[in-house]
Structure formats: structure tokens, C-alpha cells
Amino acid sequence: MVRTRIAPSPSGFLHIGTAKTALYNWLFARKNKGTFILRLEDTDAERTDEQYVHGMCEGFKWLGIDWDEGPPFGDVPEKGNYGPYRQSQRKELYQKMAFQLLEQGKAYKCFCSKESLEAYKDDTGNLYYPGFCRNLTPEQICEKGNAPYVIRFRVPEGETEINDLIQGKVVFSNNQYDDFIILRANGDPVFHLAVVVDDITMKITHVIRGDDHLTNTPRHIMLFNALGAPLPQYAHHPLVHDEQGRKFSKRLHGANVLDWRDDGYLPEAIVNYVALLGWTSEEENREFFTLPDLIEHFSIERINKSPARFDRRKLEWLNGLHIRNLPVEELKDRLIPILEKNGFDTSTKSKEWLTRLAQICQEKLPTLNRIVFLSDFFFKDFDSYEAEAEGKLWKNPENVILYFKTIQNKLASLSHWEHDPLKQIFDEACAELNVKLGALINPTRLALTGKSVGPGFFELMELLGKEKTLERLSRAMEYLHNKTKEV
RNA sequence: GGCCCCUUCAUCUAGCGGUUUAGGAUGCAGGAUUCUCAGUCCUGUCACACGGGUUCGAAUCCCGUAGGGGCUGCCA
């Protein structure tokens with residue numbers, strides 16, 4: 001039975017890199033009909049903040065990554081039989097294990113204060129532990145009385161080998177590891193102990209995480225061995241880098257998964273894109289995957305070892321693909337909140353009207369937010385015309401006024417305000433005025449929308465309605481008329 | 001500095017000794033469709049970091065060099 005976990009520390013929002021790790025663990029669990037666990041690594045009380053707990057929950061939810069076991073998180077109650085799932089609530093367990101190691105001589109009490117150790121640095125300025133308390137006699141320990149102490153793990157001689165599902169076999173010499181602290185002076189466990197104890201007691205079978213943990217893994221393996229527990233399978237995947245090739249800083253826009261939601265990206269696209277950062281399908285040349293597709297195709301063997309840069313442009317392309325893949329009704333439902341957020345009252349429009357709007361914009365949306373640009377003129381009157389387009393499309397005001405007049409007359413008597421009859425009117429007008437369709441449509445688009453680009457013209461006019469169309473034509477003619485007088 | 005990992009078009013990648021004149025995708029450029037933009041379709045552009053080996057044969061294996069990343073906390 002496969003059991004995987006994501007173990008974020010709630011000291012910030014849901015980072016894009018954490019999301020990738022979560023996704024891989026989740027996919028692997030789902031693919032193998034296993035269990036995916038959420039565990040909060042909040043042993044460092046100073047850095048933990050409940051507001052982050054909520055934000056992360058929202059991030060996971062938005063991405064569609066759900067967990068089978070985990071702490072109460074956001075509005076989700078605790079689930080699972082291996083709880084509690086917050087490390088801050090498992091202190092006694094870690095202490096028990098630490099003292100077990102102590103009794104077995106696999107760990108020892110260290111009375112050296114943090115300050116007293118500050119003098120011991122190697123030639124490059126890094127701290128190292130000189131091992132003062134490693135071989136204290138029982139008498140010496142007794143003498144210390146109630147002096148504060150930490151518990152250090154006694155790193156054994158020899159080598160530690162990782163057989164990683166992604167990295168392959170990696171060997172570390174143990175002598176490059178100091179006797180590391182597993183229990184702080186205040187009784188709190190250090191990350192390494194907590195992780196291992198939790199992975200043991202939660203029966204984690206596969207540890208899939210970023211390769212920034214690769215050099216921590218020997219410590220973990222030594223602890224597993226000392227505690228007499230079987231090792232999980234490790235899989236260290238490459239990190240996500242920013243567009244400059246550096247570690248994706250928390251301060252960068254986009255580091256927070258929810259930034260992408262705010263920018264109008266679909267969770268489907270984020271998941272698809274992030275999955276592709278270091279993984280490819282066995283199906284050659286395929287890049288479009290929904291979450292169910294990913295579950296079907298995901299495999300750890302096809303994760304590569306090299307870090308990948310984040311490329312917004314490719315993400316945007318994928319986002320467009322996913323937008324076009326959405327059923328229109330669904331797209332409409334996702335567009336409404338964005339329109340509302342931008343102050344457009346969608347309640348005055350019918351469901352059919354909104355669906356039709358989604359339909360005529362669907363293939364033009366790289367992001368959901370683009371809908372604002374593509375449809376604002378439906379919801380409010382604009383107060384200026386795009387300057388550049390005006391110069392190009394309306395450079396002959398007299399002509400344009402003539403066009404508009406012709407069109408307006410015909411439109412005024414049109415009873416079926418629909419795409420085909422509208423087109424017919426423009427075709428007729430073209431014939432009468434002896435111009436091409438484009439010569440008529442483009443100036444009119446500017447009059448109706450204030451812009452030179454937008455949805456299909458007849459579709460747009462149909463949705464705008466007769467009244468508004470005629471009104472805006474009049475307004476444009478008036479504007480053009482004034483303009484001729486100015487010159 | 002030490003240890004570990006990585007290195008194929010600008011970017012994401014396929015490739016696991018001969019099937020490769022190195023394939024796909026994004027981007028970019030051009031064309032087609034045309035009411036704009038977008039979309040779609042087509043064409044083009046662009047890469048095996050470098051130097052040594054091993055081999056009949058190397059992007060693929062080995063060793064160096066260079067570059068990038070990670071770790072090196074009583075953070076996780």
C-alpha cells in the first residue's frame with residue numbers, strides 16, 4: 001500500500017515548488033490507489049502562522065489536490081488514523097524517540113551553549129561541532145545537574161547510501177556530518193528527527209521531495225537505522241527555478257500559487273505546466289494533460305534530474321489551451337466572478353447572454369482576466385476611442401460618417417437582431433458604398449467598442465443589442481462631426 | 001571552501017552506443033484563413049558546454065575543465 005505525504009511548514013503561502021512536490025506525491029498516490037497525507041511541519045513555533053495555514057489550504061484546494069489524511073486545515077476537519085498531523089502536537093512522541101536513542105547510546109546529551117560553540121568555525125566560516133560532549137562519562141553528566149542540554153545524534157562511522165528513484169545511487173561519507181541536534185534545549189524536536197519519526201509512525205512508503213533535501217537524506221537514513229525502522233523509497237526531484245535560472249524566490253510574483261489564480265490562470269493549466277517541469281509522459285510529444293490524464297500517465301521513472309526554469313509564455317499558451325478545452329457553460333461560470341470583481345454587473349444579463357459572451361471570447365482568451373479587456377464595452381460606456389485606431393480607421397471623417405449613416409438606416413429597420421441578418425446588412429452596405437467588408441467593419445468596431453480589436457464583429461453586435469448599437473453609432477457620428485469642424 | 005546534483009535549440013524537453021541530415025513544444029519570423037485580435041493550419045529559425053579518452057562507431061559510457069544549482073542552523 002503506497003502512502004505518500006506533503007509536509008509543508010506553514011511559514012508562508014503555498015509556494016509553486018511546494019505545489020510541484022505535492023502534485024507529484026498526490027499523483028503517485030492516486031496512480032497507485034494509495035494514500036496521500038498532509039502533515040504540517042510546524043515545529044518552529046516562531047515561524048508558524050495560522051494565516052498561512054489557511055492560505056495553503058486554499059492553494060491546495062484550488063489546484064484540486066486533496067488529501068486522505070491530514071490535520072484540520074482551513075474548513076476541512078482532521079482525517080486519518082495516524083494523527084495528529086501537526087508536528088506541534090506530537091512533541092511527546094519525538095521526545096520519547098529521542099530519549100530512546102539516548103538510552104541506547106545512539107544519541108547523547110550536549111551541554112554546550114549555542115554561544116560557546118560560536119567560536120568553532122571551519123576555514124570558511126561555517127560552524128561545526130567539535131564533539132565536546134560526545135564522550136562524557138556518567139559522572140561528568142551527573143555533575144552538570146540541571147544544566148540545559150540538547151540531544152545530539154551520534155553519527156556513526158562509515159558511509160550512507162541513498163538509492164533514489166530519481167537520482168539513482170548516491171553515496172555520502174558520514175564524516176561530513178556533525179553530530180547533529182535532534183532535540184532542542186526547549187524540548188522541541190529538530191526537523192530531521194520529526195520527519196523521520198513521522199514518516200515511520202505514519203508508515204510513509206515513498207518520500208518524494210525536492211532535491212534540496214538530498215544532502216539531508218543521509219541524516220534521515222541514519223535515524224531510520226538507529227530507530228530500527230525500514231527505509232521508505234526516496235525520490236528527489238529537481239527544483240523549480242525562476243526565469244533567470246535561480247531559486248524561485250518567495251518574493252517573486254508567481255511564487256505564490258494563488259498569484260496565478262489572481263492573474264486569470266486556470267488551476268488545470270498550472271498543474272499541467274508544473275507537472276511538465278521535469279517530467280514527460282511516455283507518450284511522446286504530448287503536453288496537454290488534465291488532472292485525470294496526469295494520474296493515468298504519471299510515473300516517477302520519467303522525472304528527470306535537471307532543474308527547470310519557469311517560462312510564463314509557455315504557461316500562458318497552456319492556459320489558453322485549457323481555456324479552450326472548457327465547456328462554454330463552465331467557462332462562463334469562471335468568467336463571472338472576474339467580471340464582477342472588475343465592477344461589471346452581470347446580474348443584468350441573462351444566463352444565455354453570458355454563455356454566449358463566453359463562447360465568442362473563448363478562443364481569444366490567453367487568461368481569464370483578458371475577458372475584462374474583451375468585454376468591458378458591453379457593460380459600460382467608454383469615454384474615449386483608442387487613439388491609434390482612430391488615426392488609422394477614422395482618418396476620413398466625412399467618409400466614415402457616410403458609412404455610419406448608411407449602416408444605421410439599415411439597422412434601424414432590422415427586426416431580427418441576429419448574426420446572419422446583421423451580416424447581410426453589412427454586405428448590402430458594402431455593395432452600395434462600393435467598399436470591402438473590412439473597410440466598413442473596422443471603423444464601426446471602433447465606434448461600438450472604442451477599440452480596434454475584440455470579439456467577432458457580428459457576434460459582438462448581436463450581444464450589444466440594437467439600442468446600444470444605434471446609440472453608439474450616433475455618438476460616434478457626433479464625435480466625428482465635431483472633429484471635422486475643429487480642423 | 002567541503003560534499004552532492006545538474007549541463008541537448010532563447011525556454012521546457014525527447015534521446016538511455018549504430019534506427020539521428022539530433023525529434024517535439026513554447027517563443028520568434030513568414031505564409032494561409034480573413035471583419036480586427038486571437039485561434040487554427042503550414043513553412044522557417046535555433047542546440048548535443050569544452051577538452052581528453054573507451055569503441056569499428058558516442059548527444060548517449062569514463063575522466064578532467066568550465067558553468068549552474070543545492071546542502072553545509074537549537075529553519076524546514
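Because the structure is a prediction, the values reported are computed rather than measured. Below, read A as the first sequence line, B as the second, and so on, with proteins coming before strands; counting in each chain starts at 1.
Checking U72(B), C74(B), U11(B) against every side-chain atom of V190(A), the shortest atom distance belongs to C74(B). Proximity note for R445(A) (side chain, C-beta onward) versus A25(B), G70(B), C35(B): the nearest is C35(B). Distances were taken from every side-chain heavy atom of K314(A) (C-beta onward) to each of U26(B), C35(B), G70(B); the shortest belongs to U26(B). Candidate nucleotides A76(B), A38(B), C12(B) were compared by shortest atom distance to the side chain of E41(A), and A76(B) ranks first. Between A76(B), A25(B), A14(B), one nucleotide has an atom nearer to the side chain of T280(A) than all others, and that is A14(B). Which of G70(B), U13(B), G69(B) sits closest to the side chain of N304(A) comes down to U13(B).
Counting any heavy atom pair closer than 4.0 Å across all strands shown, H241(A) reaches sugar-phosphate atoms only and no base atom. Across all strands shown, A185(A) has heavy atoms under 4.0 Å from base atoms, whether or not it also approaches the sugar-phosphate. Contacts of R152(A) with the nucleic acid, taken as non-hydrogen atoms under 4.0 Å apart, are absent. Contact annotation for L277(A): backbone-only contact, meaning every heavy-atom pair under 4.0 Å involves sugar-phosphate atoms and none involves a base. Base engagement by G456(A) is indicated by at least one non-hydrogen atom pair under 4.0 Å involving a base atom. If you check every strand for non-hydrogen atoms under 4.0 Å, G438(A) touches sugar and phosphate atoms only. The residue E284(A) sits close only to the backbone: its heavy atoms come under 4.0 Å of sugar-phosphate atoms, none of a base. P455(A) comes within contact range of at least one nucleobase, with a heavy-atom separation under 4.0 Å. If you check every strand for non-hydrogen atoms under 4.0 Å, S452(A) touches a base. Using a 4.0 Å heavy-atom cutoff across all strands shown, C110(A) reaches no nucleic acid atom at all. Using a 4.0 Å heavy-atom cutoff across all strands shown, S11(A) reaches no nucleic acid atom at all. Within 4.0 Å (heavy atoms only), K436(A) reaches no atom of the nucleic acid at all.
As the counterpart of C50(B), G64(B) is assigned, both hydrogen-bonding distances of the Watson-Crick or G-U wobble pattern falling under 3.5 Å. As the counterpart of C3(B), G70(B) is assigned, both hydrogen-bonding distances of the Watson-Crick or G-U wobble pattern falling under 3.5 Å. In this structure G39(B) sits in a base pair with U33(B), meeting the Watson-Crick or G-U test at under 3.5 Å. When Watson-Crick and G-U wobble pairs are counted only if both distances are under 3.5 Å, A25(B) pairs with U11(B). Across all strands shown, U55(B) forms no Watson-Crick or G-U wobble pair with both key distances under 3.5 Å.
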* Please assess E432(A) against K405(A) for the test salt bridge (charged side-chain N to carboxylate O under 4.0 Å, His left out), listing each intermediate value before the final yes or no. => CA-CA 12 Å; E432(A) 277 175 33; K405(A) 219 162 228 150; over 6 Å; no
* Asked: Could you go step by step and tell me if H206(A) and Y24(A) meet the ring-ring contact (aromatic ring centres under 6.0 Å, His included) rule?
  -> CA-CA 11 Å; H206(A) 297 259; Y24(A) 283 180; over 10 Å; no
* Decide side-chain hydrogen bond (donor to acceptor under 3.5 Å, both in side chains) for T367(A) and N369(A); before the verdict, give the C-alpha distance in whole Å, the side-chain angles of both, and the deciding distance to 0.1 Å. => CA-CA 5 Å; T367(A) 66; N369(A) 288 5; 5.4 Å; no
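Checked against the 6.0 Å centroid criterion, the rings of W279(A) and F289(A) qualify as a close aromatic pair. Residues F310(A) and Y273(A) bring their aromatic ring centres within 6.0 Å. Aromatic pair F191(A)/H213(A): centroids less than 6.0 angstrom apart. In summary, the aromatic rings of F458(A) and F426(A) are positioned with their centroids under 6.0 Å apart.
Separating the C1' atom of A59(B) from that of U21(B) is a span of 15 Å, rounded to the nearest Å. Nucleotides G24(B) and U20(B) are separated by 14 Å at their C1' atoms, to the nearest Å. Taking the C1' atoms as reference points, U11(B) lies 22 Å from C50(B), given to the whole Å. For the P atoms, the distance from G73(B) to C9(B) is 35 Å, rounded to whole Å. Only the P atoms considered, G15(B) is 41 Å distant from U34(B), to the nearest whole Å. Atom name P, nucleotides C12(B) and G27(B): the rounded distance is 15 Å, in whole Å. Taking atom P on both nucleotides, U60(B) is separated from C16(B) by 13 Å, rounded to a whole Å. If you take atom C1' in A25(B) and the same atom in C46(B), they sit 14 Å apart, rounded to whole Å.
Once rounded to the nearest 0.5 Å, the distance linking CZ of R286(A) with OG1 of T280(A) reads 12.5 Å.
For the OP1/OP2 pair of U40(B) and a distance below 4.0 Å, the side-chain nitrogens and oxygens of R324(A) include at least one atom meeting the criterion. For R286(A), no side-chain nitrogen or oxygen approaches OP1 or OP2 of G23(B) to under 4.0 Å. Residue K451(A) places none of its side-chain N or O atoms closer than 4.0 Å to OP1 or OP2 of A38(B).
Summarising the geometry, the separation between CG on N285(A) and P on A22(B) is reported as 17 Å, rounded to the nearest angstrom. Atom-to-atom, CG of L460(A) to C1' of A38(B) comes out at 14 Å; the value is rounded to the nearest Å. Here A76(B) presents its C1' atom at 16 Å from CG of D49(A), a figure rounded to the nearest Å. Rounded to a whole Å, the CG atom of D242(A) is 14 Å from the P atom of G68(B). Between H213(A) atom NE2 and C71(B) atom P there is a gap of 9 Å when expressed in whole angstrom units. The distance between atom CZ of R219(A) and atom P of C3(B), rounded to the nearest whole Å, is 16 Å. In this entry the distance linking CD of E243(A) with P of U26(B) reads 17 Å, nearest Å. The interatomic distance linking L318(A) (CG) with C12(B) (P) rounds to 15 Å, in whole Å.
When each of I323(A), D259(A), N319(A), L318(A) is checked for a side-chain contact (heavy atoms from CB on, under 4.5 Å) with Y265(A), only N319(A) meets the rule. Of the residues I200(A), D199(A), L193(A), the one that meets the side-chain contact (heavy atoms from CB on, under 4.5 Å) test with V196(A) is I200(A).
Residue N216(A) places a side-chain atom within donor-acceptor reach of the base of A76(B), judged by atom type and a 3.5 Å distance cut-off alone. Between the base of C12(B) and the side chain of R309(A) there is no donor-acceptor pair shorter than 3.5 Å.
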Distances for protein N/O vs nucleotides 4-7 of chain B N/O pairs under 3.5 angstrom?
{"from": "C5(B)", "atom 1": "O2'", "to": "Q167(A)", "atom 2": "OE1", "distance (Å)": "3.4"}
{"from": "C6(B)", "atom 1": "OP1", "to": "K305(A)", "atom 2": "NZ", "distance (Å)": "2.4"}

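For the pair R152(A) and Y129(A), the distance from NZ or CZ to the six-membered ring centre is under 6.0 Å and the angle to the ring normal is within 45 degrees.
For the ring-ring contact (aromatic ring centres under 6.0 Å, His included) test, no residue two or more places apart in sequence or in another chain qualifies with Y85(A).
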